Amino acid sequence: MTEHPVLVLNAGSSSLKYQLLVPESGDVRAGGVIERIGESGSDVADHAAALEAMTERLRSDDVDLDELQLRAVGHRVVHGGPDFSEPVLIDDAVLDRVRDLSSLAPLHNPAAITGIEAARDRFDVPHVAVFDTAFFSALPPQASTYAVPRDLAEKHAIRRYGFHGTSHEYVSQAAADLLGRPTSDLRQVILHLGNGCSASAVRGGRPVDTSMGLTPLQGLVMGTRSGDVDPGLHAYLAREVGLSLDEIDTLLNKKSGVLGLSGVNDFRELEDRLEAGDAAARLAFDVVVHRLKHYVGAYLAILGGLDVLVFTAGIGENSTTVRAAVTEGLGELGITVDPARNAARSKQARVISPDGSRVVVAVVPTNEELAIARQTADLVG
Ligand code: ADP
């Protein structure tokens, strides 16, 4: 076969997700995750060891990475800062620039760099970086600009970058395909609801607004992240509680959101508690839904109307309850779901609004690995 696969890597600080797939057909040869990298008691010391563990695992599944002639490796990189609005072929200069962006994404970019370095040592093929911010680099200035002094913003690259861009771009195209209409015709709101959550407004295939900002902390309520709070909260916590900036950052990123409100961060567990009548779970769920409605309404106004509302990622694709709650009471805006369609379980992209609705409500599975593999293959030719 001439269809050589692309290896897609997503390196976190203690985990390495991988998938081996053929971009043209979408055929997934293998995939998985190596966890507990560098943790005490783990026999995976670093990302180089993780790649060896991955190679071994693939071999035991009869996939020999050295024999099958990899076409390229595609790396997910969270923050492309102001420099990267497209996927790039990785060389030393690119790696240095990604390293320079670490101050904008201290939790994410250093891990990606470690993963890229180990993978370049291991696989002598082209390596491509695909940035989570790239799609949103085309946001119009009124959406990407924070109302802070302009010289400060310019000097320190302060703006709304947006994240999950690979997913929002893929899903907006897939939703248009589902409807058999070109993206150029459509005003879409995409709700990417996973462990991290973000909303976007997309017109004609181009981003018009998104809920995440300078960092992936802004916007929707997430598993452990607060999303929007009054920016004055930071100063208040510092003065009243005596927390340091790092402590506040950790509080809002790791201990807030659904976890901070209910004690659990996994949405399935939250729904179990909701069913059992747990009051904290009820409030957490209501806060999540209220914030979602807030963004749907805002984006409908910014788009001047809406053609498609799309749910994606773990919660968006699977939670009938969230989809019903977010769309409830929006009939006047043309947004309704058919209860039976909403409740039907499927792995396929599907419409859940009644036939003839003004706004099509759809569930569209995201596939960031496939999107990264395709962008990687396009770049290396
Ligand atoms: P990530 O952002 O890490 O890629 P996912 O997109 O896989 O995460 O989403 C994970 C979230 O999806 C978790 O909160 C999980 O509980 C939730 N989820 C997965 N399946 C269901 C389900 N059947 N019902 C409700 N939530 C679900």
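Start at 1 and go down the list; that is how both ligands and their atoms are numbered. Bear in mind the structure is a predicted one, so any value in this text is a computation, not a measurement.
Distances between N or O atoms of Leu193 and those of ligand 1 include no value under 3.5 Å. Between Ser319 and ligand 1, no pair of N/O atoms sits closer than 3.5 Å. When only interatomic distances are considered, the shortest N/O to N/O separation between Lys17 and ligand 1 does not fall below 3.5 Å.
Exactly one of Arg76, His79, His108, His168 qualifies for a side chain to side chain donor-acceptor pair (under 3.5 Å) with Asp132. That residue is Arg76.
Residues Leu191 and Tyr170 are members of separate hydrophobic clusters, defined by side-chain heavy-atom contacts under 4.5 angstrom among Ile, Leu, Val, Met, Phe, Trp and Tyr. In the hydrophobic clustering of this structure, Leu193 groups with Leu300; members are Ile, Leu, Val, Met, Phe, Trp, Tyr whose side-chain heavy atoms approach within less than 4.5 Å, directly or through other members.
For atom 24 (N) of ligand 1, the nearest non-hydrogen atom of the protein is Arg268 CG, 3.7 Å. For atom 2 (O) of ligand 1, the closest non-hydrogen atom on the protein side is Asn195 N, 3.0 Å. For atom 20 (N) of ligand 1, the closest heavy atom belonging to the protein is Asn318 ND2, 3.5 Å.
The heavy atom nearest to atom 16 (O) of ligand 1, considering only Val264, Ile315, Asp266, is found in Asp266. Of the candidates Gly314, Pro365, Cys197, it is Gly314 that places a heavy atom closest to atom 6 (O) of ligand 1.
In this structure, Arg239 is not positioned above the aromatic face of Tyr236 in the sense of NZ or CZ being under 6.0 Å from the six-membered ring centre and within 45° of the axis.
The ring of His127 has its center closer than 6.0 angstrom to the ring center of His75.
Between Phe84 and Phe131, the ring-plane angle classifies as parallel under the 30° and 60° cut-offs.
With a 4.0 Å heavy-atom cut-off, ligand 1 is reached by the side chain of Arg345 but not by its N, CA, C or O.
Counting heavy atoms of neighbouring residues, nucleotides and ligands inside a 6.0 Å radius, atom NZ of Lys254 does not exceed 12 of them.
Ligand 1 lies within reach of Gly196, whose nearest heavy atom is under 4.0 Å from it.
For atom 14 (O) of ligand 1, a protein heavy-atom neighbour is present inside the 4.0 Å cut-off.
In summary, the side chains of Thr210 and Ser200 do not present any donor paired with an acceptor at a separation below 3.5 Å, with no hydrogens or angles considered.
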